Amino acid sequence: GNRILFFATDNSFVEILDKNKNIINDSISVGAMITDFKFCDFNEYLILGYINGNTQLYDFSGKVLFTKKMNKGKFSIVKSVSAGNIGNFYGVIAGIDNEYITIFNVKGEEQWSRKTMLDRRRKVYFVVDEINNLVIEENQLGVKVYDLGSGFIKYIIRISDFEFTKIHY
């Protein structure tokens, strides 16, 4: 990619560098440990998730576009963030003892939020796909596919539904 994220070792700031290692933003000062980050594919946005349950959307100049406190679950740790490929929507998976997936628009307005019915204590891989109007979340059994606009579960695809054949070389 053309952008590099540089974290200070003491976790006190973040800088965005271009591919020539030029700093392209004012330093972003952070107060809590960053748990996940994602760049938007088409717009110059960066979303950061923190261990204290906060999530922030920045433009590449370092300006905060929105900050949200994820009051989800008994412990509101942000496990994962995802940016829509166009940049109009952003997703967050947060919470321990009730885990939630929440989708925001670029203005920081919550579009929808659902319990995942899981209690993972690790990063969760998920994609906000604005082109196909989907949110795809992986889990230990397969994937869950949501409608981006409503949060309605469109498909649950379980790995056990497929037969795997071991290939010998």
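Computed from a prediction, not measured in an experiment: that's the story for all the values here. Reckoned from all heavy atoms, side chains included, excluding hydrogens, waters and symmetry mates.
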With rounding to the nearest 0.5 angstrom, report the [atom1] to [atom2] distance, [X] to [Y].
X: Y100; Y: M117; atom1: OH; atom2: CE; answer: 9.5 Å
X: L141; Y: I156; atom1: CG; atom2: CD1; answer: 9.5 Å
X: S80; Y: F37; atom1: OG; atom2: CZ; answer: 12.0 Å

Run the numbers on N88 and N105 for side chain to side chain donor-acceptor pair (under 3.5 Å), then give the verdict.
-> CA-CA 6 Å; N88 296 319; N105 66 22; over 6 Å; no

Minimum side-chain heavy-atom gap [X]-[Y] below 4.5 Å:
X: Y58; Y: L48; answer: yes
X: K68; Y: N54; answer: no
X: V106; Y: F89; answer: no
X: K154; Y: L134; answer: yes
X: N98; Y: K74; answer: no
X: V135; Y: D129; answer: no
X: T55; Y: I47; answer: yes

Smallest separation among heavy atoms of V128 and G91, with atom names | CG2-N, 3.9 Å

For N85 and C40 the tightest heavy-atom approach is O-SG, 4.0 Å

Short question: side chain of [X], backbone of [Y] - any donor-acceptor pair under 3.5 Å?
X: K79; Y: G49; value: no
X: E130; Y: G87; value: yes
X: D59; Y: K63; value: yes
X: R114; Y: T102; value: no

Do [X] and [Y] sit in one hydrophobic cluster, given that two such residues count as connected whenever their side-chain heavy atoms are within less than 4.5 Å of each other, even indirectly?
X: F75; Y: M33; value: yes
X: I103; Y: I93; value: yes
X: V81; Y: I34; value: no
X: V78; Y: Y45; value: yes

Could you go through the side chain to side chain contact (heavy atoms under 4.5 Å, CB included) check for L57 and V64 one step at a time?
-> CA-CA 6 Å; L57 180 68; V64 177; over 6 Å; no

What's the verdict on salt bridge (Lys or Arg N to Asp or Glu O under 4.0 Å) for D36 and K123, showing C-alpha distance, side-chain angles and the deciding distance?
-> CA-CA 8 Å; D36 198 16; K123 178 176 174 57; 2.7 Å; yes

Could you please spell out the steps behind the side chain to side chain donor-acceptor pair (under 3.5 Å) verdict for E137 and Y125?
-> CA-CA 6 Å; E137 167 209 355; Y125 297 97; over 6 Å; no

Describe, in one word, how the ring planes of F66 and Y90 are oriented to each other, choosing from parallel (under 30°), tilted (30 to 60°) and perpendicular (over 60°).
-> perpendicular

Should the pair E99-K115 be classified as a salt bridge under the 4.0 Å nitrogen-to-oxygen rule?
-> no

Stepwise side chain to side chain contact (heavy atoms under 4.5 Å, CB included) check, K38 with L46 = CA-CA 6 Å; K38 177 77 169 105; L46 166 69; over 6 Å; no

So, F152 versus W112, ring centres under 6.0 angstrom or not?
-> no

Check step by step if side chain to side chain contact (heavy atoms under 4.5 Å, CB included) holds for V92 and I101.
-> CA-CA 6 Å; V92 178; I101 182 168; over 6 Å; no

Start with the C-alpha distance between V145 and I153, add both sets of side-chain angles, then the distance that settles side chain to side chain contact (heavy atoms under 4.5 Å, CB included), and finish with yes or no.
-> CA-CA 6 Å; V145 180; I153 298 172; over 6 Å; no

